[in-house]
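Inspection log for the structure reproduced underneath, given as structure tokens.
Predicted, not measured: the structure shown is a model, and the values here were computed from it. Any value given below was found using the heavy atoms of this structure, including those in side chains, with hydrogens, waters and symmetry copies removed. Numbered from 1 within each chain, the chains take letters A, B, ... in sequence-line order.
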Number of protein chains: 2
Amino acid sequence: MLTMHTAPGNERPLVTSDVVVFTIRDGELRLLLIKRRHEPHGGRWALPGDTLLPDEDLEHAALRALAAQTGVSGVYLEQLYTFGKPGRDPRGQAISVAHYALVPSEQLRLRAAGEAAAVGWFAREQTSDLAFDHAEIVATAHARLVAKLDYSTIAFQFLPAEFTLSELQRVYETIRQEALDKRNFRKWILARRAIEETGEVRRDGSHRPARLYRVKYPGRVEIIRHERPGGTRGQPGREMALHERGPSQ
Amino acid sequence: MLTMHTAPGNERPLVTSDVVVFTIRDGELRLLLIKRRHEPHGGRWALPGDTLLPDEDLEHAALRALAAQTGVSGVYLEQLYTFGKPGRDPRGQAISVAHYALVPSEQLRLRAAGEAAAVGWFAREQTSDLAFDHAEIVATAHARLVAKLDYSTIAFQFLPAEFTLSELQRVYETIRQEALDKRNFRKWILARRAIEETGEVRRDGSHRPARLYRVKYPGRVEIIRHERPGGTRGQPGREMALHERGPSQ
DNA sequence: CCAAAAGTGTTGTTTATACACCCATGT
DNA sequence: ACATGGGTGTATAAACAACACTTTTGG
């Protein structure tokens, strides 16, 4: 009735919580990797992450590992997908609950510690040769990020509390990898009603000062889509049939 | 180096793969529940699911448990979310990789077996008192289903290979809980270009026969949204700055 | 006064909504 | 002949895409 090992042969899978942390640096989308200290995959670049502690929450494990290995904290974190294909970890059956996180491009001190021998921000193109199936996790996270850009307010997570519309536009352009029209972008983003002027401006160079904006409801990432099929609540008199009760068969 | 128990005290969490199976029955969205045979929560209704077998894939476990406990197979399955809050299972730390599945409303033989003492299709309103945190999983699955309806082709998974536009409209109406305008619905769905006429018709009653349609690319559930911010690929001459290489800091 | 980024409006096109009648069949 | 569900078009409104110049500042 007692067990003392984490070696293969254990009938329960190993569960880890891992994070893909994105930021925008030097006008480019980058993500945070650690160089692994130990086997398996010692010396290779990998996502920050760790096995779950007893009774630890999944998000908590991701944030704890992130802080311990890279020194990064205070990120916006969301669960991404759970990876569990047999063979993905040489130690045996291993389930990775992957998360993704976004941090403002501001100054962030990185500090490699714990399992991390080194830490760094990498561009997408440099992340094809990672430990485990982490390249696949990165690809999934990136796809999710791009998709969510258009119908949610995640983009704001890359910016500090106050920002200019040009900065916001640059976030979209960097992630979407295409230039956007300034006027149309402004109309579009303001129509979502997710941000408001602070009333202040920022002066930064020999040009007209930029108005500062803030997120209206800073707590949360919200859905800002407006689409639906079909239109019109049907024939005037008609009513949706809500049928009988009880499980069937 | 050997272990022979599944009892608490194990330092690794228990991992289960569970499924929320939706179908449309009697004009209503319903989901498949089993009555648990054993503790914990013996006698209560719960989602089909089971602990992972050694080296078993997550999807495979969900499909295996579904077939074993309910007799249902051949479903469209997608991973939903992973639930792992401490305390969600009285046996100790337990991670549930939840999936959701869609099946056509056709005749499906249910057959309770294994952990399932009984099986049945239940309406949403009847699923508030489930074992574990399964009510929360159901709520998450339902929200995902509703959201995906509008921007993907999942709705087709509720229908057999050939179907009429009225049947398809009924799927949308049932899930969205509102009636839709027939003409607008048809314009909308045909504009997505995801379905095509088979050339055949179905005669069912004393009325005009209905044209049959099929999904163009039956393999996959696709994204059919068309939205983007900003418009216009920027000032003509301008080029996106793609900056320097190498990890920073 | 020059360079640099901020800011701003109009027009054409596409997509969504509202709405009502005729058609083909079985009984 | 009638009841039943299948099938169709048009006009208005809203959202999106294309496009270029003026403003404010610092140096």
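Sequence neighbours left out, the pairs with a member in residues 67-78 of chain B that pass salt bridge (Lys or Arg N to Asp or Glu O under 4.0 Å) are B:Glu78-B:Lys148.
One atom, CZ of B:Phe185, and another, P of D:dG9, lie 18 Å apart when rounded to the nearest Å. Rounded to whole Å, atom P of C:dA6 lies 14 Å from atom CZ of A:Phe163. If you take CH2 of B:Trp188 and P of D:dA15, they are 18 Å apart, rounded to a whole angstrom. Between the CZ atom of A:Arg186 and the P atom of C:dA5 there is a distance of 13 Å, rounded to whole Å. As a whole-Å value, the separation of B:Glu167 CD from D:dG5 P is 13 Å. Residue A:Ile189 contributes atom CD1, which lies 12 Å from atom P of D:dC16 at whole-angstrom precision. Computed from coordinates, the A:Arg211 CZ to C:dA5 P distance equals 19 Å when rounded to whole Å.
Of all nucleotides listed (C:dA6, C:dA16, D:dT24), C:dA6 comes nearest to the side chain of A:Lys182. With distances taken from any side-chain atom of A:Ala210 to the nucleotides C:dG7, C:dA16, D:dT8, the minimum falls on C:dG7.
With sequence neighbours left out, B:Lys187 forms a side chain to side chain donor-acceptor pair (under 3.5 Å) with B:Asn184. Taking B:Arg202 as the reference, B:Glu167 meet the side chain to side chain donor-acceptor pair (under 3.5 Å) condition, with sequence neighbours excluded.
Without hydrogens or angle criteria, B:Gln69 side chain to B:Gly49 main chain gives a donor-acceptor distance under 3.5 Å. Remark: side-chain polar atoms of B:His134 are paired, donor with acceptor, to backbone N or O of B:Leu47 under 3.5 angstrom.
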Legend entry - Working for side-chain contact (heavy atoms from CB on, under 4.5 Å), residues B:Arg211 and B:Ser166: CA-CA 10 Å; B:Arg211 296 188 189 159; B:Ser166 294; over 6 Å; no
Inset, instruction - Tell me, with the steps shown, if B:Glu125 and B:Glu28 meet side-chain contact (heavy atoms from CB on, under 4.5 Å). - result: CA-CA 11 Å; B:Glu125 313 82 58; B:Glu28 193 175 50; 4.2 Å; yes
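Across every non-hydrogen atom of B:Thr23 and B:Ser105, the tightest pair is OG1-CA, 3.5 Å. Nearest heavy atoms, B:Trp121 versus B:Val21: CZ3-O, 3.7 Å.
In summary, of the residues considered (B:Leu190, B:Leu159, B:Leu168), a side chain to side chain contact (heavy atoms under 4.5 Å, CB included) with B:Tyr213 occurs for B:Leu190 alone.
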At a cut-off of 3.5 Å, list every protein nitrogen or oxygen paired with a nitrogen or oxygen from nucleotides 9-12 of chain C, distance to 0.1 Å.
unit_1 : atom_1 : unit_2   : atom_2 : d
C:dG9  : O6     : A:Lys187 : NZ     : 3.4
C:dT10 : O4     : A:Lys187 : NZ     : 2.9

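Using five terminal pairs a side, the axes of the helix from C:dC1-D:dG27 to C:dT27-D:dA1 at its two ends make an angle of 0°, given in steps of 10 degrees.
Between B:Thr140 and B:Tyr100, the closest side-chain pair of non-hydrogen atoms is not below 4.5 Å.
Nearer to the 5' terminus of DNA chain C, by closest-nucleotide assignment, is the contact made by A:Leu212 (compared with the other of B:Pro209 and A:Leu212).
The stretch residues 201-208 of chain A touches DNA chain C through A:Ser206, A:His207, A:Arg208, each having a heavy atom within less than 4.0 Å of the strand.
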